[in-house]
Amino acid sequence: MRTCAFMKEGESMQTQNAEIVFTSHIDDPSDPGNRQTIEQVIQGKIGKSESSLYLVFSAEIADVGLADYTIRVGNEDALILRKGALPMRQQLVIGQSIKGSYESQFGRMETQATAKRIETTCDPAGRCGSVHLVYELLIQEQSVGKATMEYRYSIK
């Protein structure tokens, strides 16, 4: 695996169907041994632009409903968009604390994330790869902990 090269200037973005294995770990800051883990296998789409990789998929959030995700990943930044169940918008920039938003059954809440790692890797043919996002997350100024998101994909 290597760091992914994106499209050449002037090319238009095309998406391809892909299987995405999504793994989420959130480490509880108040209980160092407590880790919440979720893993899902999802059918989605992968797109590449001149400077970014896009993952687009829908996934069920337990006890809440269906959410539509768009994850855009560049070299030093990423954007997580979620519509439908529990809408969310969070930009990530390595080393910077960035405000975002999260909507729950209790209303809209402010988030703040500081990215520690943003990385994409892919095979030389570009048929499979992964995205790794690691960030510290606050909701309403309270630490949720360290979030580690991994998206492994293979184009169908």
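Residue Lys45 qualifies as enclosed at atom NZ: its count of foreign heavy atoms under 6.0 Å is above 12. Within a 6.0 Å radius of CD in Glu141, other residues, nucleotides and ligands contribute 12 heavy atoms or fewer.
Nearest approach of Ser49 to Tyr54, heavy atoms of both residues: OG-CE1, 3.7 Å. The two residues Gly95 and Thr114 have their closest heavy-atom pair at C-CG2, 4.2 Å. Considering every non-hydrogen atom in both Gly74 and Ser52, the closest pair reads CA-OG, 4.2 Å. The shortest heavy-atom contact between Ala113 and Leu137 is CB-CD1, 4.2 Å. Of all heavy-atom pairs spanning Ala67 and Ala85, the tightest one is CB-O, 3.7 Å.
Within the model, atoms CZ of Phe106 and CD of Gln140 stand 12.0 Å from one another, a figure rounded to the nearest 0.5 Å. The line from NE2 of His132 to CD of Glu150 is 4.5 Å long, rounded to the nearest 0.5 Å. Note that CZ of Arg117 is 13.5 Å distant from CG of Leu92, once rounded to the nearest 0.5 Å. Atom CD1 of Ile94 sits about 10.5 Å away from atom NZ of Lys116, to the nearest 0.5 Å. The CD1 atom of Ile26 lies 10.0 Å from the CG atom of Asp28; values are rounded to the nearest 0.5 Å. To the nearest 0.5 Å, the span separating OG1 on Thr111 from CD on Gln91 amounts to 11.0 Å.
Here Gln16 pairs with Arg127, Ile155 under the side-chain contact (heavy atoms from CB on, under 4.5 Å) rule; sequence neighbours left out. For Gln112, the side-chain contact (heavy atoms from CB on, under 4.5 Å) partners two or more places apart in sequence, or in a different chain, are Ser97, Lys99, Leu138. Here Ser154 pairs with Glu19, Cys128, Lys156 under the side-chain contact (heavy atoms from CB on, under 4.5 Å) rule; sequence neighbours left out. Residues forming a ring-ring contact (aromatic ring centres under 6.0 Å, His included) with Tyr151 (at least two apart in sequence, or on another chain): Phe22. Among residues two or more places apart in sequence or in another chain, the side-chain hydrogen bond (donor to acceptor under 3.5 Å, both in side chains) test is passed with Glu136 by none.
Connection of Met109 to Val144 is established within a shared hydrophobic cluster, with ILVMFWY side chains joined at heavy-atom distances below 4.5 Å, either directly or through further cluster members. In the hydrophobic clustering of this structure, Ile118 groups with Met88; members are Ile, Leu, Val, Met, Phe, Trp, Tyr whose side-chain heavy atoms approach within less than 4.5 Å, directly or through other members.
Using a 4.5 Å heavy-atom threshold, the side chains of Glu110 and Ile139 count as separate. The side-chain heavy atoms of Asp77 and Arg72, taken from C-beta on, include a pair separated by under 4.5 Å. Taking 4.5 Å as the limit, some side-chain heavy atom of Leu53 sits within range of a side-chain heavy atom of Val131. Between Leu86 and Tyr102 the shortest side-chain heavy-atom distance falls below 4.5 Å. Here the side chains of Tyr153 and Ile42 are not in contact, with every heavy-atom distance at 4.5 Å or above.
Side-chain atoms of Ser24 do not come within 3.5 Å of backbone N or O of Ile38 as any donor-acceptor pair. A donor-acceptor pair is defined here as one N or O able to donate and one able to accept, closer than 3.5 Å; no such pair exists between the side chain of Gln36 and the backbone of Asp27.
Arg89 and Ser101 share no donor-acceptor pair across their side chains, judged by distance under 3.5 Å alone.
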Subject >> Check against side-chain contact (heavy atoms from CB on, under 4.5 Å), Val21 and Glu39 >> reply: CA-CA 7 Å; Val21 178; Glu39 183 168 302; 4.1 Å; yes
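The side chain to side chain donor-acceptor pair (under 3.5 Å) test with Ser130 is passed by exactly one of Thr121, Thr23, Thr120: Thr121.
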Validation: residues 55-63 side-chain donor-acceptor distances under 3.5 Å, sequence neighbours left out:
from, atom 1, to, atom 2, distance (Å)
Ser58, OG, Asp68, OD1, 2.5

